[in-house]
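Here is the structure we will look at.
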Amino acid sequence: MSTSYEAAGVDIAAGERAVELMKARVARSRRPEVVDDASGFAGLFDASAFLKYRRPLLATSTDGVGTKVDLARRLGIYDTIGHDLVGMVIDDLAVCGAEPLFMTDYIACGKVVPERIADIVGGIAEACALAGAALVGGETAEHPGLLGEDEFDVAGAGTGVVEADELLGPDRVRPGDVVLAMASSGIHSNGYSLVRHILRTTDLTLESTPADLTRTLGEELLTPTRIYARDCLELTRAGGVRAFAHITGGGLAANLARSLPETVDAVLRRGSWEVPPLFRVLQEAADVPQGEMDKTFNLGVGMAAIVAPEAADRALALLAERGVPAWVLGETTEGTGTATLV
């Protein structure tokens with residue numbers, strides 16, 4: 001009795017069709033430094049671009065989007081999850097002041113559905129173009145028997161470059177600096193295990209439209225992550241930036257503390273912004289303590305910048321010009337390297 005790879009659940013032809021469907025969208029993320037590899041086994045990037053640097057440092061980051069993929073699967077919406085992946089990966093590079101150069105992705109699924117894979121990768125490519133990074137390669141793996149036919153997961157890795165003497169970080173931060181907040185577009189990609197728990201244990205559903213929202217809860221929860229890479233680069237070029245903090249897992253205070261030296265604290269003022277209604281809907285539905293909200297969600301702040309006092313107004317004006325809602329979140333003081341919401 002003969003058998004085959006397809007009989008085991010792997011459809012090579014479907015994978016090839018997915019590649020064909022995504023090609024045009026991936027091409028939109030191309031940078032001039034990208035070099036074609038006819039075999040397709042590797043992504044190539046012309047490193048002679050680094051000759052303009054005195055001492056180039058390569059920065060790299062890797063991440064996924066967590067259990068947000070489950071909501072995308074349940075709603076059958078696949079073209080936004082790629083934005084989330086790029087936001088998680090590329091915006092981590094922006095924190096140290098690095099210009100994003102290129103990214104690769106990895107998708108594991110129970111069954112290759114070409115149109116679904118093309119939507120996911122197309123979203124990644126479109127977000128890469130927004131961030132200024134090229135999508136130079138990726139991999140789609142079919143895992144029958146390990147994942148259900150509708151199940152999938154996505155991950156990616158990105159590379160950027162920064163001049164060594166322009167590297168941003170805690171060593172630049174001083175007491176008296178100003179902390180600026182950049183608004184998130186929603187929950188982004190952290191805290192979805194708690195979101196899914198709330199959906200399982202309360203009357204909230206993905207199809208419901210709670211009183212404080214103008215869209216269904218599912219639409220709100222799948223809002224793609226705001227991508228800050230180019231905004232951060234423009235702020236850096238304008239001068240006065242000490243450090244950035246990407247507000248991801250762990251919440252606002254914990255992530256901001258990562259960008260502080262051991263001798264400086266940050267005081268972050270709750271009254272400086274109104275937490276978006278989505279967070280209140282989730283909190284009230286399940287009676288989530290404020291401490292849990294603080295350490296789980298971004299609460300409306302997706303990126304923070306620590307800037308010199310004289311640069312704060314200029315930075316806010318620049319962000320306004322770029323369409324990024326931003327405000328003064330707090331300030332730094334002498335301390336022990338902690339950030340506190342007051």
Side-chain angles (χ1 to χ4, degrees), residues 61 63-68 71 84-85 87-96 168-170 173 177-199 220-228 231-232 242-262 264-306 324-333 335-342:
S61 175
D63 211 335
V65 298
T67 57
K68 190 171 185 177
L71 300 189
D84 298 304
L85 180 63
M88 294 296 287
V89 172
I90 296 299
D91 282 344
D92 273 0
L93 300 178
V95 169
C96 68
L168 302 177
V173 176
D177 286 340
V178 178
V179 183
L180 304 180
M182 294 178 232
S184 68
S185 57
I187 293 183
H188 287 183
S189 295
N190 295 102
Y192 278 84
S193 291
L194 178 54
V195 169
R196 291 166 60 245
H197 177 74
I198 292 171
L199 289 172
E220 290 283 349
L221 291 171
L222 277 194
T223 299
T225 299
R226 187 189 295 272
I227 296 171
Y228 303 95
D231 306 308
C232 291
R242 313 286 206 201
F244 290 110
H246 191 193
I247 312 305
T248 55
L252 180 52
N255 280 286
L256 201 286
R258 295 167 63 180
S259 294
L260 298 174
E262 293 181 355
V264 175
D265 284 351
V267 179
L268 313 176
R269 307 195 181 280
R270 293 184 188 273
S272 65
W273 86 102
E274 184 176 350
V275 175
L278 174 60
F279 297 97
R280 295 199 303 273
V281 166
L282 294 170
Q283 182 176 19
E284 292 171 4
D287 194 23
V288 183
Q290 188 60 50
E292 285 296 313
M293 296 294 294
D294 290 346
K295 71 181 184 181
T296 305
F297 298 116
N298 65 54
L299 299 181
V301 181
M303 181 74 76
I306 303 174
V324 181
W327 62 93
V328 175
L329 176 64
E331 63 280 333
T332 60
T333 64
T336 59
T338 63
T340 306
L341 280 160
V342 299

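None of the values given here were measured: they were computed from a predicted structure. We use all heavy atoms of the structure for the numbers below, so side chains are in, but hydrogens, waters and symmetry mates are not.
A distance of 11.5 Å separates CZ of Phe297 from OG of Ser184, quoted to the nearest 0.5 Å. Separating the CG atom in Asn190 from the OG1 atom in Thr225 is a distance of 8.0 Å, to the nearest 0.5 Å. Of the inter-residue distances, the one linking Cys232 atom SG with Leu93 atom CG reads 11.0 Å to the nearest 0.5 angstrom. For the atom pair CD (Glu274) and CZ (Phe279), the distance works out to 12.5 Å, reported to the nearest 0.5 Å. In this structure, Thr333 OG1 and Asp265 CG are separated by 4.5 Å, a value rounded to the nearest 0.5 Å. Atom OG of Ser185 is separated from atom CG of Asp84 by 8.0 Å, given to the nearest 0.5 angstrom.
For the residue pair Leu299 and Asp294, the shortest heavy atom distance occurs at CD1-OD1, 3.3 Å. Contact between Tyr228 and Ala183 at its shortest, heavy atoms only, is OH-O, 2.6 Å. Leu168 approaches Ala243 most closely through the heavy-atom pair CB-CA, 4.4 Å. Nearest heavy atom pair, residue Ser193 against residue Thr67, reads N-OG1, 3.2 Å. The minimum heavy-atom distance between Ala245 and Met303, with the atom names listed, is O-SD, 3.3 Å. Heavy atoms only, all atoms of each residue included: Gly250 and Ala254 are closest at O-CB, 3.4 Å.
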Apply side-chain contact (heavy atoms from CB on, under 4.5 Å) to Leu221 and Tyr192, showing your working.
CA-CA 9 Å; Leu221 291 171; Tyr192 278 84; 4.2 Å; yes
Kindly indicate, with the supporting measurements, whether the criterion side-chain contact (heavy atoms from CB on, under 4.5 Å) is fulfilled by Leu222 and Lys68.
CA-CA 8 Å; Leu222 277 194; Lys68 190 171 185 177; 4.0 Å; yes
Take Leu260 and Ile306, measure what side-chain contact (heavy atoms from CB on, under 4.5 Å) needs, and give me the verdict at the end.
CA-CA 9 Å; Leu260 298 174; Ile306 303 174; 3.9 Å; yes
Report the C-alpha distance between Val95 and Asp91 in whole Å, list the side-chain angles of each, state the deciding distance to 0.1 Å, and finish with yes or no for side-chain contact (heavy atoms from CB on, under 4.5 Å).
CA-CA 7 Å; Val95 169; Asp91 282 344; over 6 Å; no
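Looking at residues two or more places apart in sequence or on another chain, you find a side-chain contact (heavy atoms from CB on, under 4.5 Å) between Arg258 and Asn255.
For the pair Leu282/Ile187, a side-chain contact is recorded, criterion being any heavy-atom separation below 4.5 Å from C-beta on. Between Thr296 and Val288, every side-chain heavy-atom pair lies at or beyond the 4.5 Å cut-off. Counting heavy atoms from C-beta outward, Glu220 and Pro276 have side chains that stay 4.5 Å or more apart. Leu180 has its side chain within reach of Val328: a pair of non-hydrogen atoms, C-beta onward, lies under 4.5 Å apart. Between Arg269 and Trp327 the shortest side-chain heavy-atom distance does not fall below 4.5 Å.
A donor-acceptor pair under 3.5 Å is formed between the side chain of Asn298 and the backbone N or O of Gly186.
Between the side chains of Gln283 and Glu292, no donor N or O sits under 3.5 Å from an acceptor N or O.
Leu268 pairs with exactly one of Val301, Val342, Thr340, Leu252 by the side-chain contact (heavy atoms from CB on, under 4.5 Å) rule, that one being Leu252.
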